[in-house]
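Since this is a predicted model, take the numbers as computed values, not measurements.
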Amino acid sequence: MSERNEYKIAAVTMLRDDLFYLKIWLAYYGEMLGRENCYIVNHGHTPEVAEMAKGCNIIGIPGHHHKNFDMKRWRLLNNIVQGLNAYHDHVIVGDVDELVVLDPEVGRLPDWLMKQKQR
């Protein structure tokens, strides 16, 4: 069993055509948490996202313009996080160009998260 499987931590993001940042996000969270614990909302069903993110959980949504997009976007992400909290100890959510990085002097992010109170 790999070290990362000890932790029930998920990471969630949403993107539209940000392949540069997705590559970095996948390298960081995919390696740390395992791709099976990475959840990506693919706004616009971009085929390259699905190809790059093999092994991750991908949710495709239509890419056309939505009135009040940011409100709808965060409602969707918050509801996904709420559901994942039933299966994971911690869920990290953010834009694809954002990473939660812990000072290496403090330790590894999964170890630090597991010491934190839930909710």
Side-chain angles (χ1 to χ4, degrees):
M1 177 186 297
S2 72
E3 191 173 314
R4 68 179 181 224
N5 289 335
E6 297 174 30
Y7 308 108
K8 293 187 297 184
I9 301 170
V12 179
T13 196
M14 179 175 177
L15 73 141
R16 180 177 180 142
D17 302 325
D18 261 333
L19 301 179
F20 173 81
Y21 290 112
L22 178 61
K23 183 177 179 180
I24 297 166
W25 192 92
L26 288 168
Y28 184 72
Y29 287 118
E31 177 65 28
M32 182 188 325
L33 305 176
R35 283 187 173 223
E36 67 276 9
N37 295 306
C38 293
Y39 296 80
I40 300 167
V41 178
N42 184 2
H43 180 212
H45 300 281
T46 306
E48 294 85 359
V49 170
E51 182 65 30
M52 287 177 67
K54 282 188 177 173
C56 297
N57 301 283
I58 302 171
I59 302 166
I61 63 169
H64 59 275
H65 176 72
H66 293 270
K67 184 179 178 186
N68 300 318
F69 175 73
D70 278 333
M71 179 191 71
K72 292 177 182 179
R73 172 181 185 264
W74 281 106
R75 183 184 305 147
L76 172 64
L77 291 171
N78 285 330
N79 285 324
I80 290 170
V81 169
Q82 183 179 10
L84 290 174
N85 270 325
Y87 299 95
H88 294 82
D89 297 310
H90 297 279
V91 180
I92 300 165
V93 63
D95 289 336
V96 73
D97 64 344
E98 300 172 341
L99 302 173
V100 177
V101 179
L102 192 65
D103 182 335
E105 295 290 322
V106 177
R108 295 178 61 248
L109 181 59
D111 296 328
W112 183 83
L113 282 172
M114 294 309 294
K115 293 176 187 169
Q116 306 309 306
K117 288 185 179 181
Q118 295 177 352
R119 295 176 208 60

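Here N68 pairs with M71 under the side-chain contact (heavy atoms from CB on, under 4.5 Å) rule; sequence neighbours left out. Take D95 and apply the side-chain hydrogen bond (donor to acceptor under 3.5 Å, both in side chains) test, not counting sequence neighbours, and it matches R73.
Within the structure, every pair that satisfies the ring pair (Phe, Tyr, Trp, His ring centres under 6.0 Å) test and touches residues 42-62, not counting sequence neighbours, is listed here: H43-F69. Within the structure, side-chain hydrogen bond (donor to acceptor under 3.5 Å, both in side chains) contacts touching residues 12-27 (residues at least two apart or in different chains) are D17-T46.
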Name each donor-acceptor pair under 3.5 Å that joins a side chain in residues 49-57 to protein atoms two or more places apart or in another chain, with its distance.
unit_1 : atom_1 : unit_2 : atom_2 : d
E51    : OE1    : K54    : NZ     : 3.4
E51    : OE2    : K54    : NZ     : 3.3
N57    : ND2    : E36    : O      : 2.9
N57    : ND2    : C38    : O      : 3.3

Show me the side-chain donor-acceptor pairs of residues 75-84 shorter than 3.5 Å, one per line, residues at least two apart or across chains.
unit_1 : atom_1 : unit_2 : atom_2 : d
N78    : ND2    : W74    : O      : 3.1
N79    : ND2    : R75    : O      : 3.1

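Taken to the nearest 0.5 Å, the CD1 atom of I9 stands 6.5 Å off from the CD1 atom of I92. The CG atom of N42 sits 9.5 Å away from atom CD of E48, with the distance rounded to the nearest 0.5 Å.
A continuous path of ILVMFWY side-chain contacts below 4.5 Å connects L33 to L15, so both sit in one hydrophobic cluster. Tracing side-chain contacts under 4.5 Å through hydrophobic residues (I, L, V, M, F, W, Y), one reaches L26 starting from Y29; they form part of the same cluster. Placement of I58 and M14 in two distinct hydrophobic clusters is found when ILVMFWY residues are connected by side-chain heavy-atom separations under 4.5 Å, directly or transitively. F20 and V101 fall within a single hydrophobic cluster, where Ile, Leu, Val, Met, Phe, Trp and Tyr side chains are chained together by heavy-atom contacts under 4.5 Å. Hydrophobic clustering keeps M32 apart from Y39 (ILVMFWY residues linked when any side-chain heavy atoms are closer than 4.5 Å, directly or through intermediates).
At least one donor-acceptor pair under 3.5 Å links the side chain of H90 to the backbone N or O of L113. Within the 3.5 Å criterion, the main-chain N or O of V100 finds a donor-acceptor partner in the side chain of Y28.
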